[in-house]
Amino acid sequence: MSRFGVPCCLVLCTVLLMTHRNLLRAADLAPYEAHTFPSNGGTMPYRLLKPSDYSPDKSYPLVLFLHGAGERGQDNRSQLKHVAGVFAQDDIRAKYPCFVLAPQCPANQLWCNTPWNVDTVVQPAEPSDSMKHIMLLLDELQKEYSIDGNRLYIMGLSMGGFGTWDAITRYPGKFAAAVPMCGGGDVRKAGVLAKMPLWNFHGARDGAVKVKLSHDMIAAIQQAGGQPRYTEYPDVGHNCWTPAMQEPELLTWLFSQSRETE
């Protein structure tokens with residue numbers, strides 16, 4: 001027996017199971033190469049998933065993933081905690097060969113310099129330093145690898161959801177499709193998204209980011225003549241990204257988008 005009255009074999013099995021799960025998680029994320037990019041006299045950590053069959057003779061789409069506030073830092077790993085593992089699965093890599101770029105925002109910065117507990121988002125006049133460096137990094141990667149400039153996609157959750165809205169309204173025409181999750185954007189900028197393929201997700205019980213922000217952006221895009229997709233989970237709080245990434249149509253929809261076919 002253990003000191004807590006639990007059979008030792010049960011304790012051992014639990015430890016082994018937890019260790020195995022951790023190893024599986026590490027294995028799932030192993031394909032993401034660790035890199036850094038010069039940023040404000042320092043470096044921005046980022047992870048890059050390459051197509052398993054990468055050939056410079058082919059052209060591949062790229063997914064930019066923006067993490068949430070809790071994953072900021074310099075460890076170059078925390079940004080892979082959510083969503084990123086889906087793209088590292090063998091079956092997904094085989095079905096959707098692509099690059100996935102997962103930068104890590106510094107602890108004292110934001111993807112978009114706006115608070116997330118607001119009722120209305122006002123887009124800052126200038127992009128955040130982190131957003132500026134992401135755009136520079138994207139340009140460098142497109143020079144280094146065979147990346148299809150007509151199939152750049154962006155998705156993000158929470159703080160990354162705000163960053164996604166900011167990026168697609170600030171740099172209209174750069175991305176072929178977007179998946180903002182539990183974030184918010186400036187409705188005054190929604191007109192530039194009228195022709196952009198977009199699928200927005202939010203939990204109706206979100207206590208961190210008001211679902212009203214998604215409602216307002218979707219309504220503004222529709223008023224501008226757009227047809228965005230919107231999924232709201234009635235019994236989900238802030239973590240809408242888990243059911244979102246389980247949507248059977250999401251990746252098929254995402255990778256079918258191209259600026260050439262808009």
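Atom set for the values below is all heavy atoms of this structure, side chains included, hydrogens, waters and symmetry mates excluded. All figures in this text were calculated on a predicted structure; none of them were measured in a lab.
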Ring pair (Phe, Tyr, Trp, His ring centres under 6.0 Å) between F175 and Y153, worked out: CA-CA 5 Å; F175 297 97; Y153 310 125; 9.0 Å; no
For the side chain of [X] and the backbone of [Y], is there at least one donor-acceptor N/O pair under 3.5 Å apart?
X: R151; Y: F255; answer: yes
X: E71; Y: G68; answer: yes
X: K210; Y: N117; answer: yes
X: S55; Y: D57; answer: yes
X: R170; Y: A125; answer: yes
X: T164; Y: G156; answer: yes
X: T114; Y: V121; answer: no
X: Q257; Y: W253; answer: yes
X: R93; Y: F87; answer: no

Quick one, W199 with T231, criterion side-chain hydrogen bond (donor to acceptor under 3.5 Å, both in side chains). Give me CA distance, side-chain angles, the key distance, then yes/no. CA-CA 8 Å; W199 195 341; T231 300; 2.9 Å; yes
If you apply the rule side-chain hydrogen bond (donor to acceptor under 3.5 Å, both in side chains), what do you find for Q123 with D166, and how did you get there? CA-CA 7 Å; Q123 187 180 62; D166 183 72; 3.0 Å; yes
Of all the heavy-atom pairs spanning [X] and [Y], show the shortest one and how long it is.
X: F65; Y: Q79; value: CE2-O, 3.4 Å
X: A194; Y: I221; value: CA-CG2, 4.4 Å
X: H202; Y: S214; value: ND1-OG, 2.7 Å
X: L193; Y: L198; value: CD1-CD1, 4.2 Å

Before giving the answer on side-chain hydrogen bond (donor to acceptor under 3.5 Å, both in side chains), spell out for D75 and Q104 the whole-Å C-alpha distance, their side-chain angles and the decisive distance to 0.1 Å. CA-CA 8 Å; D75 67 355; Q104 186 174 30; 2.8 Å; yes
side-chain hydrogen bond (donor to acceptor under 3.5 Å, both in side chains) assessment of H67 paired with S78: CA-CA 9 Å; H67 63 76; S78 296; over 6 Å; no
What distance separates L66 CG from C105 SG, expressed to the nearest 0.5 Å? 9.0 Å
With rounding to the nearest 0.5 angstrom, report the OG1 to CG distance, T242 to N239. 3.5 Å
Ring pair (Phe, Tyr, Trp, His ring centres under 6.0 Å) assessment of F201 paired with Y230: CA-CA 6 Å; F201 296 90; Y230 178 59; 8.2 Å; no
Are the charged groups of D148 and K58 less than 4.0 angstrom apart, N to O? no
Do the ring centers of Y54 and Y60 come within less than 6.0 Å of each other? yes
Please assess R229 against E249 for the test salt bridge (Lys or Arg N to Asp or Glu O under 4.0 Å), listing each intermediate value before the final yes or no. CA-CA 12 Å; R229 300 184 68 164; E249 295 181 9; 3.2 Å; yes
